[in-house]
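Here is the structure we will look at, set down as structure tokens.
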Amino acid sequence: MRTRTGRSELEGLRQSGSLKLLFPRRDNSAVQAVLVNTAGGVTGGDRFSLRAEIRKGAAATLTTQAAERAYRAQGTAPGRIDTRLTLAERAHLNWLPQETILFDGCAIRRNLRIDMAGDARLLMVESLVFGRAAMGETLTGAQFSDRIEIRRGGRIAHLDVLHFGGNVADHLARPHVAVGAGAMASLVLIGPDAAAHLAPVRAALPATGGASLVGEDMLLMRLLAPDSFLLRRTLVPILNRLIHNALPRPWMI
């Protein structure tokens, strides 16, 4: 993405396989892009890779058409999802994928790395659903590894690593882990207005959520909920506040 005559625009695009990028009509100066997995989900042996660069002064929102689904794997090879995002000076990115739903028997390794300039702005959210509660699903045998790394000016500013294996439901039921939660969201806001959002975000969270400020300009939030519906009921108003009621339309469908 780059800026031209005061508006952000697409500079180049290369895509192949089942991962596609669509660009809905917009009404502001930022670019909005929607990731679509035409395969319908991820299973063992799949490979998905995304690279995006937001150049100096440009602004973009990246989201997904729907929740991603991590299906039962056949064999031992995991499905891999690798994402690398780069933000240049004064760039602005909202990384807002919808939930990833883990199915029993899935095997997924996911890696998200964001390299950003010191004065760039980032809003990132990642949500997980541990089986569909309405369908009575539980994860009694699944493998999921997740790594989120954010670097500012070449230095690690945030590192979040999760690994679930075996009977995930039993692990999540432990009081010091998730007290039986069926869904989780992690949010990072990096920007000069982060401190101003701390109190309102905390006020919007239930007892199973928490938010804190790291330094003067990085807000971290973690939210647990019994299921994806209750997770969204808390998360959507918070996201709308942070992006000034401009949540991408796929989130509202």
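If you're wondering where the values come from, they're calculated on a predicted model, not measured in any experiment. Along the sequence shown, the residues carry numbers beginning at 1.
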Show the nearest heavy-atom pair for residues [X] and [Y], with the distance to one decimal.
X    : Y    : value
H92  : I54  : O-CG2, 4.1 Å
A157 : M218 : O-CE, 3.3 Å
W251 : P97  : CZ2-O, 3.4 Å
L112 : E126 : CD2-OE2, 3.7 Å
V201 : A211 : CG1-CB, 4.0 Å
T43  : Q74  : OG1-N, 4.4 Å

Looking only at atom types and distance, does a side-chain atom of [X] sit under 3.5 Å from a main-chain N or O of [Y], one as donor and one as acceptor?
X    : Y    : result
T61  : N94  : no
Q98  : A67  : no
T63  : P248 : no
T38  : S18  : yes
D193 : A196 : no
E149 : R113 : no
R174 : V177 : no
R84  : N111 : no
T100 : E68  : no
D170 : N167 : no

Do [X] and [Y] have a side chain donor and acceptor closer than 3.5 Å?
X    : Y    : result
T83  : R110 : no
R109 : S145 : no
D115 : T86  : no
T140 : D104 : yes

| Atom CD of Q15 with >12 non-hydrogen neighbours under 6.0 angstrom | yes
Answer with yes or no whether the hydrophobic clustering places [X] together with [Y]; edges join I, L, V, M, F, W, Y residues whose side-chain heavy atoms lie under 4.5 Å apart.
X    : Y    : result
V129 : L224 : no
V42  : L128 : yes
V36  : L62  : no
F103 : I108 : no
I101 : L172 : no

| query | Would a 4.5 Å heavy-atom cut-off, applied to side chains only, mark L50 and D82 as touching? | reply | no
| What class does the angle between the rings of F164 and F144 fall in, given that below 30° is parallel, 30 to 60° is tilted and above 60° is perpendicular? | parallel
| message | Check K56 with E89, please: is the shortest side-chain N to carboxylate O separation under 4.0 Å? | response | no
